[in-house]
Amino acid sequence: MNAREHTALKRLDKKFFEQSAIDVSIGLLGTIMVRRIGGKVRRARIVETEAYLGPKDLAAHSSKGRTRRTEVMFGPAGRAYVYFIYGMYWMFNIVCGVTGGAQAVLVRAAEPLDGWDVDLTGPGKLARAFTITANDNAMDLTDEKIHFLADPDYRVRMVRTKRVGVDYAKHWKHRLLRFIDVGNPVGAKLKR
DNA sequence: GCGTCGATGGCA
DNA sequence: GCCATCGACGCG
């Protein structure tokens, strides 16, 4: 990201997010998340994601059915699903797949860019650093405020593991639906 | 460096 | 009563 900085990187579009949660989880690794807020631009490279596969997936919120909270998961792909947990943390998810499929990807960790000095290892920390809250729920993630750039020259070295904190999800807890870019210095340090 | 545990609030 | 978390604390 230096000499080629001025050549426009392609923004991930709705079609990208219409892929399955697994494909979106994998495809997001190595991409650059861009956040514009308060006249500032913050960017970070995504190094960890988790896929949630819809109502049949007992770890997915949509398995509880359609409620006021989960409503956005049942909507079109490419929108944010933001929810509050543990009394103090916001989780930033991206709705993906076909409309009604209620799949989502949780963005768990990223490597800050442009000299931004911050710890983005963990979904709570990431949302906090990017100032993502309930205000951003259902937001279109192909828009200016938050979007993602493909970086075709960046190489990902991916490892799959089990998702975090889903011990209650019966057989679904064993599925390898967590994806880490261990080729990235930040991703390499994540606990597996 | 690693395990344990409390804070804290929306949701079913 | 959970819960897709974090950070402080106690080890030795």
Rounded to the nearest angstrom, tell me the gap between atom [atom1] in [X] and atom [atom2] in [N].
| X | N | atom1 | atom2 | value |
| --- | --- | --- | --- | --- |
| A:Y89 | C:dC6 | OH | P | 6 Å |
| A:H61 | B:dA12 | NE2 | P | 10 Å |
| A:I132 | C:dT5 | CD1 | P | 16 Å |
| A:L177 | C:dA4 | CG | C1' | 12 Å |
| A:Y168 | B:dA12 | OH | C1' | 13 Å |
| A:Y86 | C:dC6 | OH | P | 9 Å |
| A:K191 | B:dT4 | NZ | P | 10 Å |
| A:W90 | B:dT8 | CH2 | C1' | 13 Å |

Charged tip of A:R45 within 45° of A:Y154 ring normal and under 6.0 Å: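 Yes, A:R45 and A:Y154 form such a contact.
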Cation-aromatic face contact A:R42/A:F130, 6.0 Å, 45 degrees: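 So A:R42 doesn't make the cation-pi contact.
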Contact class for [X] vs. all strands (heavy atom < 4.0 Å): base, sugar-phosphate, or nothing?
| X | value |
| --- | --- |
| A:R69 | sugar-phosphate |
| A:M91 | sugar-phosphate |
| A:F84 | sugar-phosphate |
| A:R178 | nothing |

Is the phosphate of [N], meaning OP1 or OP2, less than 4.0 Å from a side-chain N or O of [X]?
| X | N | value |
| --- | --- | --- |
| A:T67 | B:dA12 | yes |
| A:K125 | C:dG7 | yes |
| A:R128 | C:dG7 | yes |
| A:R108 | C:dT5 | yes |

Residues A:R163 and A:D57 bridged, charged N to O under 4.0 Å: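 So A:R163 pairs with A:D57 through a salt bridge.
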Watson-Crick/G-U partner (both atom distances under 3.5 Å) of C:dA4: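 Per the H-bond distance test, none.
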Counter-base of B:dT8, judged by Watson-Crick or G-U geometry with both distances under 3.5 Å: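 Base partner found: none.
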Heavy-atom pair of closest approach, residues A:L29 and A:V156: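 Here A:L29 and A:V156 meet closest at O-CG2, 3.5 Å.
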Which atom of A:F74 lies closest to which atom of A:T99, heavy atoms considered: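 Where A:F74 meets A:T99 most closely, the heavy atoms are O-CG2, 3.8 Å.
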Contact nearer the 5' end of DNA chain C, comparing A:G122 with A:G87: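 Upstream on the strand: A:G87.
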